[in-house]
Amino acid sequence: MQVELFDTLSRQKKPLEPKDNTVRIYHCGMTVQSRPHVGHLRGYIVMDALRRFLRFKGYEVRLVQNITDIDDKVIEKSRAEGIDWRMLAERNTGELLTVTDALNIERPTVMPRATQHIEEIINLVSQIIEKGHAYESEGDVYFDVRSYPAYGKLSGKRIDELESGARIEPSENKRDPLDFAVWKAAKPAEPYWYSPWGKGRPGWHIECSAMSAHYLGSEFDLHAGGEDLVFPHHENEIAQYEAATGKGFAKAWMHVEMLNLAGEKMSKSTGHLVLASDVFDKYDPNVLRMFTLRVHYRAQTEYTMEGMDEAQAAWERITTFLTAAESLVPEPALASEYPELDEVLSDDFNTPKAVGMVFDLVKQGNEALASGNKDKLAEATAKLNLALEILGFAPRRDRGGGDIQTLLDLLVSFRTELRKAKAFKWADKLRDMIQAVGLIMEDTKEGTRIRFR
RNA sequence: GGCGGCAUAGCCAAGUGGUAAGGCGGCGGUCUGCAAAACCGCUAUUCCUCGGUUCGAAUCCGGGUGCCGCCUCCA
């Protein structure tokens, strides 16, 4: 099954056709000026699932995910806190990795930092100047937007229409208000690197052009990021790379829609957001993955407590089934193929449909469980395990190890004794106490069992 | 002002020409000491609205209304 994704540039679904067996992907990561929020996580979860799916399809995936660790805001915020800008960047990077690790998001193949690629950035800036598409001015270097006719091809904007927009930042050093900085002269006490244009730092946008080219070359397969990056960030990335080299940049563009809060996009600048770390105080990481993947990546959606609670209930339906299935089929099998799932994910990565199929499997599994059909149960479980693996869910398989298991068994037999003795008051008291620490005790035909929430 | 997207049950959400997936919630039933879980049944004759195309439209076209995003740092 040929994988197709909606490409922002051509505005249609486009087959993914890597030149060899490796799919080269650049995913715009964070500018580590502040702590990660759940909006960031949406993109990371989608990309993680896509990567797993592509690997299932037999591809190698080279995923480059940048950390932009120097820019105006990084400097500004570190000053506000009175700490070194590198400390701020490191702290936020660390937190990002902590939350993505917790979410079972695989680390990218490379996670390049802007500050470690200054040489590549300077070379790219030099090339743009040589080609006559950028100019130096008082130590700044600006991209000359009007010199590059294709400018606007990704976002569908036209220069003259942008010009009439009222919110363009003017600068004395720019020839045209639309021009953007590819290199910025350092003001006193700002961090800097030596360059042909004096002490300075990269402009925002250039690091992504330079690092993607460095790790993936020209015409790599997919460039991904949040919808809000289409303009100007990705538009500028294309302009810089193509103007400098004359070669094509990314072959296809994938944009993940915004996660809104109270009807509005989450935003760092206004503080209108939910921190990633706050989610894990209340929810299992799989719940956020469920919440994310049950909506198509190109649809805006709303982050709400109700939505998360629903996702939690949905996730529990899966884990409850898995726990119950284990009692009959202890060895969790893994299907090797699942064409129907392949089909829906190949069609613009329709994870909501895939999630629907997961629940169909749970249904089939539960039916098999109710009727005692072991073969049917084994088949449903094997497919379910494959689907969960592809989507990146990580149900807890361990029961807490030997000592804990012994203790749990003890509690189960204690309740069994109490019920046998018709001491229901005490049996129920025990169940309530267990539940208070997050374990569910259930009486089934096969006896009492304990499951984790 | 310019560009783009979306409107499907109480809620979330698939479906892009052939007669409405799935989840949550709710109601009834089975099972149970009671629960929980699970299973069975029910829960949108209809897809914002008005026109049009078609044998046939939630799906295509046009007009309205409403919401969101981008045009400024943002995933």
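Order of the sequence lines sets the chain letters (A, B, ...), proteins ahead of strands, with each chain counted from 1.
Atoms CG (L273(A)) and P (C73(B)) sit 18 Å apart, rounded to a whole Å. Remark: P of C67(B) and CD of E264(A) are 13 Å apart, rounded to the nearest angstrom. Counting to the nearest Å, the C1' atom of C6(B) and the CE atom of M258(A) are 15 Å from each other. Atom CZ in F6(A) sits about 8 Å away from atom P in G5(B), given to the nearest Å. Here the P atom of nucleotide A38(B) and the CG atom of N366(A) are 6 Å apart, to the nearest Å. Atom CZ in R35(A) sits about 25 Å away from atom P in C73(B), given to the nearest Å.
Mapped onto RNA chain B by nearest heavy atom, H296(A) and E367(A) fall at different nucleotides, with H296(A) at the one closer to the 5' end. Two residues, C28(A) and T320(A), neighbour RNA chain B, and the one matched to the more 5' nucleotide by heavy-atom proximity is T320(A).
If you check every strand for non-hydrogen atoms under 4.0 Å, K422(A) touches nothing. Heavy atoms of L259(A) sit under 4.0 angstrom from at least one base atom. Counting any heavy atom pair closer than 4.0 Å across all strands shown, V295(A) reaches sugar-phosphate atoms only and no base atom. At the heavy-atom level, D360(A) lies under 4.0 Å from the strands shown only through sugar-phosphate atoms. In this structure, N350(A) reaches the sugar-phosphate backbone alone: every heavy-atom distance under 4.0 Å involves primed, P, OP1 or OP2 atoms, never a base. Looking at heavy-atom distances under 4.0 Å, R317(A) makes contact with sugar-phosphate atoms alone, never a base. Among the atoms of the strands shown, none is found under 4.0 Å from any heavy atom of E302(A). Contact annotation for G307(A): no contact, since no heavy-atom pair falls under 4.0 Å across all strands.
A cation-pi arrangement, defined by a distance under 6.0 Å to the six-membered ring centre and an angle within 45 degrees of its axis, is present between R298(A) and F6(A). The side-chain tip of K251(A) does not point at the ring of F220(A) from less than 6.0 angstrom away and within 45° of straight on.
A stacking contact links F424(A) to G33(B): the aromatic ring centre lies within less than 5.5 Å of the base's six-membered ring centre, and the planes differ by less than 30°.
On a pure distance criterion of 3.5 Å, a polar donor-acceptor pair joins the side chain of R431(A) and the base of C34(B). Interface remark: the N260(A) side chain does not form any donor-acceptor pair with the G69(B) base, using a distance-only criterion of under 3.5 Å. Taking 3.5 Å as the limit, the base of G69(B) and the side chain of R298(A) contain no donor-acceptor pair of atoms between them. In the interface, the side chain of K157(A) is paired with the base of C70(B) through a donor and an acceptor atom under 3.5 Å apart.
When atom types are taken as modelled, the side chain of R289(A) and the backbone of L391(A) share a donor-acceptor pair closer than 3.5 angstrom. No donor-acceptor distance shorter than 3.5 angstrom exists from the side chain of D347(A) to the backbone of E4(A), with no hydrogens or angles considered.
Contact check for T93(A) versus L96(A): no side-chain heavy atoms found under the 4.5 Å cut-off.
Distances were taken from every side-chain heavy atom of E310(A) (C-beta onward) to each of C34(B), G23(B), C68(B); the shortest belongs to G23(B). Each of A75(B), G22(B), C70(B) was ranked by its minimum atom distance to the side chain of F231(A); first place goes to C70(B). In the set C73(B), C34(B), A75(B), A75(B) carries the atom at the smallest distance from any side-chain atom of D228(A).
Atom CE of M433(A) is surrounded by 12 or fewer heavy atoms from other residues, nucleotides or ligands within 6.0 Å.
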